[in-house]
Amino acid sequence: MELAAGKWDQGIRRGAAASFALHAVAILLLLLLLPKAEPPLPLPDDGLSVEIVPQAVESLKVPETVRAPSPQQAKPEAAKPEAEPAAPVANNPPAAAMPSVAPIAPPTPKPTEFVEARQLFSDKVLADPRSRRAREALHGLAGSERNLQLCDLEAMEQVRRAQPAMAPDALAPYAMAAEKVSGNSVEVKGGAFRSKRKWYNIQFKCELDAGSGKIASFAFLVGDAIPQGEWQEHNLVAEDGAADQ
C-alpha cells in the first residue's frame, strides 16, 4: 500500500509540473501575439510658440522724466542781437620764398638778310703794328687773289664787331661752295669762319675801289653752326695743324 501511495504522489507532482509548463508557454505566446502599444500622441497646442530673447542692456534704459518748465523759465527772453560773424581765417601756409634768379637775356635773333656795313675796318686793322705779316702777305699778291684776301679780312672784323661773343680766327671762303671773284667784286655764298673751335656759315658781298684798291662797300650774313660731322668733307679743322696730326 505504501508503494502504491508513493507512486500516486509522484504522478500528481509530474502532472502539476507539466500543467505549469503548458500554462507558461501559452502565456508567452499570448504576449508575443498581442499588438505593440503605440506611444500616446502629443496633445495639440492651441497657443503660438514664443521664443523669449533676453533684452540688451542698452534697450533697458529708463527714459528721462520730462520736467515741465517753471513759470520763470517759460517767459520768453528778449531777442539778443546776433553777433557779427568772425572774419574767416586763412589757413593757407605762407608761400615759400623763391630764390632770386637773374633774368636770362633772350638770344639775339639772327638776321635773315644781308647786313650792310656802316663802317669799314680793313684799313684800320692793317694799320695796326700787330698786322705786319698780313700787310706783307697782301703786298705779295695781286689781282683777284689780293681782293679776295682783303675781303676775307673785312669779313672777320665785321663779324667780331657785330657779334662780340664771336672770336673768328680763320675764314675759308670756298668751304661749302666756290667763291666768285669778278674784277673788283667778290661774292662768297658758301664761306665758313672758325670761332672758339667751331665753324659757322657765312656769306658776304664785297666791292673794291679800282683806283685805291681799298674796300668801298661790304654786306654779310652769318649762318648757323656747321655740324662737326661735315668738317672733314670740307677740310675744316678745329685748330691749325690738326689735319696733319
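Bear in mind that the values here come from a model prediction, so they are computed numbers and not experimental data.
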Can you list, pair by pair, the side-chain donor-acceptor contacts under 3.5 Å of residues 148-155, counting residues two or more places apart and other chains?
residue : atom : partner : partner atom : Å
Gln149  : NE2  : Glu145  : OE2          : 3.2
Glu154  : OE1  : Phe121  : N            : 3.2
Glu154  : OE1  : Ser122  : N            : 2.7
Glu154  : OE1  : Ser122  : OG           : 3.0
Glu154  : OE2  : Phe121  : N            : 3.0
Glu154  : OE2  : Gln158  : NE2          : 2.7

Could you go through the side-chain contact (heavy atoms from CB on, under 4.5 Å) check for Glu157 and Arg160 one step at a time? CA-CA 5 Å; Glu157 191 63 24; Arg160 184 180 291 108; 2.6 Å; yes
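- Annotation: cation-pi pair Lys205/Phe218 absent, no NZ/CZ under 6.0 Å from the ring centroid and within 45° of its normal.
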Steps toward side-chain contact (heavy atoms from CB on, under 4.5 Å) verdict (Val159, Ile202): CA-CA 9 Å; Val159 171; Ile202 187 172; 3.8 Å; yes
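- There is a path of hydrophobic side-chain contacts, each under 4.5 Å, that joins Leu171 to Leu126.
- With values rounded to the nearest 0.5 angstrom, Leu120 atom CG is found 6.5 Å from Ile215 atom CD1.
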Evaluation steps, side chain to side chain donor-acceptor pair (under 3.5 Å), between Ser212 and Asp209: CA-CA 6 Å; Ser212 63; Asp209 181 71; 2.9 Å; yes
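- By the rule that hydrophobic residues join a cluster once side-chain heavy atoms approach within less than 4.5 Å of another member, Trp199 and Tyr174 end up as members of separate clusters.
- Between Ser217 and Glu116, the closest heavy-atom pair is CB-OE2, 4.2 Å.
- Side-chain polar atoms of Asp128 and Ser131 form no donor-acceptor pair below 3.5 angstrom.
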Where do Ile226 and Trp231 land on the side-chain contact (heavy atoms from CB on, under 4.5 Å) test, with the steps shown first? CA-CA 8 Å; Ile226 301 173; Trp231 291 4; 4.0 Å; yes
Result block: side-chain N/O donor-acceptor pairs under 3.5 angstrom for residues 178-196, not counting sequence neighbours:
residue : atom : partner : partner atom : Å
Ser185  : OG   : Glu207  : OE1          : 2.7
Ser185  : OG   : Glu207  : OE2          : 2.9
Arg194  : NE   : Asp169  : OD1          : 3.0
Arg194  : NH1  : Asp240  : OD1          : 3.3
Arg194  : NH2  : Asp240  : OD1          : 2.9
Ser195  : OG   : Ala167  : N            : 2.9
Lys196  : NZ   : Ala165  : O            : 3.0

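- Side chain of Arg146 to backbone of Gly213: a donor-acceptor contact under 3.5 angstrom is found.
- Annotation: Glu136, atom CD; neighbour count of heavy atoms from other residues, nucleotides and ligands within 6.0 Å is above 12.
- Side-chain contact between Met176 and Asn201: present, with at least one pair of heavy atoms (C-beta onward) separated by less than 4.5 Å.
- For the pair Val222 and Gln163, the minimum side-chain heavy-atom distance is below 4.5 Å.
- Rounded to the nearest 0.5 angstrom, Lys124 NZ and Gln119 CD are separated by 6.5 Å.
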